[in-house]
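Presented below is the structure to which this report refers.
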2 protein chains.
Amino acid sequence: MAETEYDPLALDNQLCFSLYAASRALTGLYRELLGDLGLTYPQYLVMLALWEHGTLSVKGLSRVLHLDSGTLSPLLRRLETAGAITRTRSAADERVVEIGLTGHGAAMRERALGIPGQLVCAAEIPAGDARELISVLDGITRSVERAAARRACGAQG
Amino acid sequence: MAETEYDPLALDNQLCFSLYAASRALTGLYRELLGDLGLTYPQYLVMLALWEHGTLSVKGLSRVLHLDSGTLSPLLRRLETAGAITRTRSAADERVVEIGLTGHGAAMRERALGIPGQLVCAAEIPAGDARELISVLDGITRSVERAAARRACGAQG
DNA sequence: CAGGGTTCAATTGTCCACAACAAGATTGAG
DNA sequence: CTCAATCTTGTTGTGGACAATTGAACCCTG
């Protein structure tokens, strides 16, 4: 009954819960900032990837964003309906669908430039910490995905 | 076109994306670990809260987990159907629904005790970093939610 | 060229997340 | 007491996420 007793199941001690809560809180903040652009946060991520790389296959987007086709397919259809992207089946390989920007989609980048600044400000993120935090989080993502790949591999062999 | 040019919209520079990806990766890891218990990750969070506090109203769960009733209501119905929790309308105040554990739900705690260890191991999370990471993330969540509350308040007045 | 294995995108089904709204219960001002 | 704000929970609608499956296209080997 010591007040310092450590409960491994205590919510307050769980890194994953903190991550989960912080991720949803920031996504909620993006929801407001992206309202003007008519984008949801995952849609915004797709636009970021396209602004950066120009054109990507669904597979390429999947790799960059760590999202699978079950998530991307309907999301991309909505972006196409909204006039932000184009979907064209590749001539070289008819299996792949190339995702590109429309003029409207490309123009949205200008309006998005201010968003990261607004966000960092609203979330009061310590400027120096951001870089380090990103590298720690990316390290966790890599570890987890490697572990998952190993298990998938081991299950086969 | 210096190689060090800083693009504020580059995916790699975005804390929120790292957070989002890490959160989903860890949730996926939990998906495997929780398979035996028949719980999803959000359901597991509800169980954690109940194991810790014994009994909570829907409102209490909402406050602890930062989830709203639109998420909790169907989730709690599924947990009730699975025989893990009970839902009883409070006699003192008929508006509130008290969520409690069944014998089965309480017994699941034993089987959950090993999960945090397995997770930290699989994710290769540096033990020392976890504490600090949690506090940074919780700080972000608080900042964002305070900012949201201020805006809601300002919009009213 | 034929057939088997692989890759890619899309679909289906289940569950989560949240805004907006609905409805009953409670509380408080008069 | 009465009626209007408030509180609590629930529902509906939209959009994510992901496992599992499907089906077309590709590639390779014989």
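These figures come from a predicted structure and were not determined experimentally. In what follows, chains are A, B, ... by sequence order, proteins preceding strands, each numbered from 1. Computed from heavy atoms alone, side chains included, the values below leave out hydrogens, waters and symmetry copies.
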Out of [options], which nucleotide sits closest to the side chain of [X]?
X	options	answer
A:Pro42	D:dA17, D:dG15, D:dC26	D:dA17
A:Arg89	C:dA10, C:dA25, D:dG16	C:dA10
B:Arg95	C:dA9, D:dT6, C:dC8	D:dT6
B:Ser69	D:dC18, D:dT8, D:dG10	D:dG10
A:Arg78	D:dA25, D:dG16, C:dC16	D:dG16
A:Gln43	C:dC15, D:dG15, C:dA25	D:dG15
A:Asp93	C:dA9, D:dA17, D:dC26	D:dC26

**Message:** With a 6.0 Å cut-off (strictly less than), is the heavy-atom count around CZ of A:Arg131, excluding the residue itself, greater than 12?
**Reply:** no
**Message:** Counting only heavy atoms not in A:Glu132 (residues, nucleotides, ligands), do more than 12 fall under 6.0 Å from its CD?
**Reply:** no
**Request:** Please work out which of the three classes, parallel, tilted or perpendicular, describes the rings of B:Tyr30 and B:Tyr41, given edges at 30° and 60°.
**Result:** tilted
Rounded to whole Å, please give me the gap between [atom1] in [X] and [atom2] in [N].
X	N	atom1	atom2	answer
B:Tyr44	C:dC16	OH	P	16 Å
B:Leu34	C:dC15	CG	P	15 Å
B:Glu98	D:dT8	CD	P	12 Å
B:Lys59	D:dG10	NZ	P	13 Å
A:Leu29	C:dA19	CG	P	12 Å
A:Arg63	C:dT7	CZ	C1'	13 Å
A:Tyr30	C:dA17	OH	C1'	18 Å
B:Leu26	D:dA17	CG	P	16 Å

**Message:** Given 3.5 Å as the limit, does a donor-acceptor pair link the side chain of B:Trp51 with the main chain of A:Ala10, or not?
**Reply:** no
For a quick check of understanding: with a heavy-atom distance under 4.0 Å over all strands, which category does [X] fall into, base, sugar-phosphate or nothing?
X	result
B:Asp68	base
A:Ser57	sugar-phosphate
A:Leu75	sugar-phosphate

Is the distance from OP1 or OP2 of [N] to the nearest side-chain N or O of [X] less than 4.0 Å?
X	N	value
A:Arg24	C:dC18	yes
A:Arg77	C:dT11	yes
A:Arg31	D:dG15	no
B:Ser73	D:dG10	yes
A:Tyr20	C:dC16	no
A:Arg87	C:dC8	no

**Asked** Which residue, A:Thr71 or A:Gly28, contacts DNA chain C at a nucleotide closer to its 5' end, judged by nearest heavy atom?
**Response** A:Thr71
**Asked** Can you check whether B:Leu67 reaches B:Leu61 side chain to side chain, under 4.5 Å on heavy atoms?
**Response** no
**Prompt:** With a 4.5 Å limit on heavy-atom distance, are the side chains of A:Leu15 and A:Ile140 in contact?
**Reply:** yes
**Complete:** The answer to which of A:Leu67 and A:Ala91 contacts DNA chain D further toward the 5' end, by nearest nucleotide, is A:Leu67
